[in-house]
Amino acid sequence: MKPFLLLASRAEDGAAEEEYESYLTFGGLSPAQLHRVRVEAAPLPGIDLDRYSGIIVGGSPFNSSDAEETKSPLQLRVEKELGALLDMVVARDFPFLGACYGVGTLGRHQGAVVDRQFGEAIAAVPVSLTPEGRRDPLLEGLPDTFAAFVGHKEAVSKLPAHAVNLAGSPGCPVQMFRVRSNLYATQFHPELDVAGLLTRISVYRNAGYFPPEEADAVMDSIRFQKVTDPPLILRNFTARYAQ
């Protein structure tokens with residue numbers, strides 16, 4: 001089997017390692033089946049799509065909707081490199097799944113409006129499938145409404161006409177969308193369980209998602225949440241596209 005490629009951009013080693021482990025576990029993959037490139041650590045090398053079964057983009061502290069003059073040189077480099085890669089990915093309709101940051105990358109690349117209108121605080125929210133979502137193979141086996149972990153400052157407020165909205169929540173109308181047949185992005189985190197989210201709350205307590213002094217309260221609000229359905233999306237993705 002060709003490996004999948006995980007493009008990660010978390011600079012904090014603890015969060016980065018836990019993210020990688022979660023994609024292995026919930027994707028049903030071995031380390032040999034998931035090649036990771038940490039794009040924040042060095043320029044993105046040339047990617048030969050023929051070597052991979054598909055591409056996964058993990059979450060990120062970057063916000064694509066920030067004003068260009070406020071973005072760091074690192075963020076600008078990463079955005080430029082991912083944009084060039086998406087040129088190839090979209091042209092080939094190559095299997096792609098972006099989680100959270102994937103909305104900003106794939107969404108902006110395809111002409112979606114990504115702004116701060118529908119940001120959501122860290123929480124478990126009810127996500128409901130659209131009629132198109134109920135028919136989509138990546139959502140096979142999920143209930144019409146399921147709990148998912150969110151926590152994001154930006155989101156899609158308007159999809160381009162050629163994109164298909166697959167799911168939404170009360171506070172964010174675009175929680176998952178598809179472009180062409182094989183390009184997907186989720187606003188929620190299909191790779192997160194409670195333990196993983198608790199790590200991120202601790203790591204990113206000073207990143208502006210909540211007042212730092214409220215970190216313990218935010219963690220307490222998460223500890224007993226039951227979020228079990230979203231990882232099936234990862235398993236569906238790897239099962240469908242493994243080659």
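The first residue in the sequence is number 1, and the count goes up from there.
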Measuring centre to centre across the rings, with the benzene-like ring taken for any Trp, is Phe188 within less than 6.0 Å of Phe146?
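Aromatic pair counts; centres sit under 6.0 Å.
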Output yes when a side-chain donor or acceptor of [X] lies under 3.5 Å from a complementary backbone atom of [Y], and no otherwise.
| X | Y | answer |
| --- | --- | --- |
| Glu19 | Gly59 | yes |
| Ser221 | Val218 | yes |
| Arg240 | Ala242 | no |
| Asp93 | Arg180 | no |
| Asp229 | Leu142 | no |
| Thr238 | Gly27 | yes |

Contacts of Pro160 that satisfy side-chain contact (heavy atoms from CB on, under 4.5 Å) - sequence neighbours left out:
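Gln110, Ala112, His162, Ala163.
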Identify whether the distance between the nearest side-chain nitrogen and carboxylate oxygen of [X] and [Y] falls below 4.0 Å.
| X | Y | result |
| --- | --- | --- |
| Glu40 | Arg10 | no |
| Asp50 | Arg92 | yes |
| Arg205 | Glu213 | no |
| Arg36 | Glu21 | no |
| Asp220 | Arg223 | yes |

Quick one: do the [X] and [Y] side chains pair a donor with an acceptor below 3.5 Å?
| X | Y | value |
| --- | --- | --- |
| Ser64 | Glu79 | no |
| Ser22 | Glu191 | no |
| Thr130 | Asn165 | no |
| Gln175 | Glu120 | yes |
| Asp87 | His109 | yes |
| Arg38 | Tyr20 | no |

Please report the shortest heavy-atom distance between [X] and [Y], naming the atom on each side.
| X | Y | value |
| --- | --- | --- |
| Cys172 | His152 | SG-CE1, 3.9 Å |
| Leu6 | Gly58 | CD1-N, 4.0 Å |
| Val57 | Gly102 | CG1-N, 4.5 Å |
| Ser60 | Tyr209 | O-OH, 4.1 Å |
| Ser157 | Asp115 | OG-OD2, 2.9 Å |
| Asp66 | Arg116 | OD1-NH2, 2.8 Å |

[X], [atom1]: over 12 other non-hydrogen atoms inside 6.0 angstrom:
| X | atom1 | answer |
| --- | --- | --- |
| Lys158 | NZ | no |
| Lys2 | NZ | yes |
| Glu132 | CD | yes |

Side chains of [X] and [Y] in contact at under 4.5 Å (non-hydrogen atoms):
| X | Y | answer |
| --- | --- | --- |
| Leu82 | Tyr101 | yes |
| Val150 | Ile122 | no |
| Thr145 | Leu129 | no |
| Phe26 | Leu232 | no |
| Asn236 | Leu234 | no |
| Phe118 | Pro173 | yes |
| Leu106 | Val90 | yes |
| Leu183 | Leu97 | no |

Verify the cluster assignment for [X] and [Y]: are they in a single hydrophobic cluster under the rule of side-chain heavy atoms below 4.5 Å apart?
| X | Y | result |
| --- | --- | --- |
| Leu74 | Leu76 | no |
| Phe94 | Ile47 | yes |
| Val125 | Ile222 | no |
| Val37 | Ile55 | yes |
| Val39 | Ile56 | no |

Is there a side chain to side chain contact (heavy atoms under 4.5 Å, CB included) between Gln187 and Met176? Walk through the geometry before answering.
CA-CA 6 Å; Gln187 185 63 76; Met176 183 174 181; over 6 Å; no
Has Lys71 got its NZ or CZ under 6.0 Å from the middle of the six-membered ring of Phe62, at an angle within 45 degrees of the ring axis?
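Output no; distance or angle outside limits.
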What's the spacing between [X] [atom1] and [Y] [atom2] if we round to 0.5 Å?
| X | Y | atom1 | atom2 | result |
| --- | --- | --- | --- | --- |
| Leu34 | Ser53 | CG | OG | 10.5 Å |
| Cys100 | Glu154 | SG | CD | 8.0 Å |
| Leu192 | Glu18 | CG | CD | 8.5 Å |
| Leu166 | Arg135 | CG | CZ | 10.0 Å |
| Leu49 | Leu85 | CG | CG | 6.5 Å |
| Met219 | Leu197 | CE | CG | 10.0 Å |

Evaluate the criterion side chain to side chain contact (heavy atoms under 4.5 Å, CB included) for residue pair Phe149 and Val194; output intermediate values, then yes/no.
CA-CA 9 Å; Phe149 284 129; Val194 169; 3.9 Å; yes
Check the pair Leu139, Arg134 against side chain to side chain contact (heavy atoms under 4.5 Å, CB included), reporting the backbone distance first and the verdict last.
CA-CA 7 Å; Leu139 291 160; Arg134 296 186 192 103; over 6 Å; no
What verdict does the side chain to side chain contact (heavy atoms under 4.5 Å, CB included) test give for Arg108 and Thr105, after you've listed the backbone C-alpha separation in whole Å, the side-chain angles of each residue and the deciding distance to 0.1 Å?
CA-CA 6 Å; Arg108 288 192 71 198; Thr105 54; over 6 Å; no
Which of these, Phe237, Phe96, Tyr241, sits in a ring pair (Phe, Tyr, Trp, His ring centres under 6.0 Å) with Phe4?
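It is Phe237; the other options fail the test.
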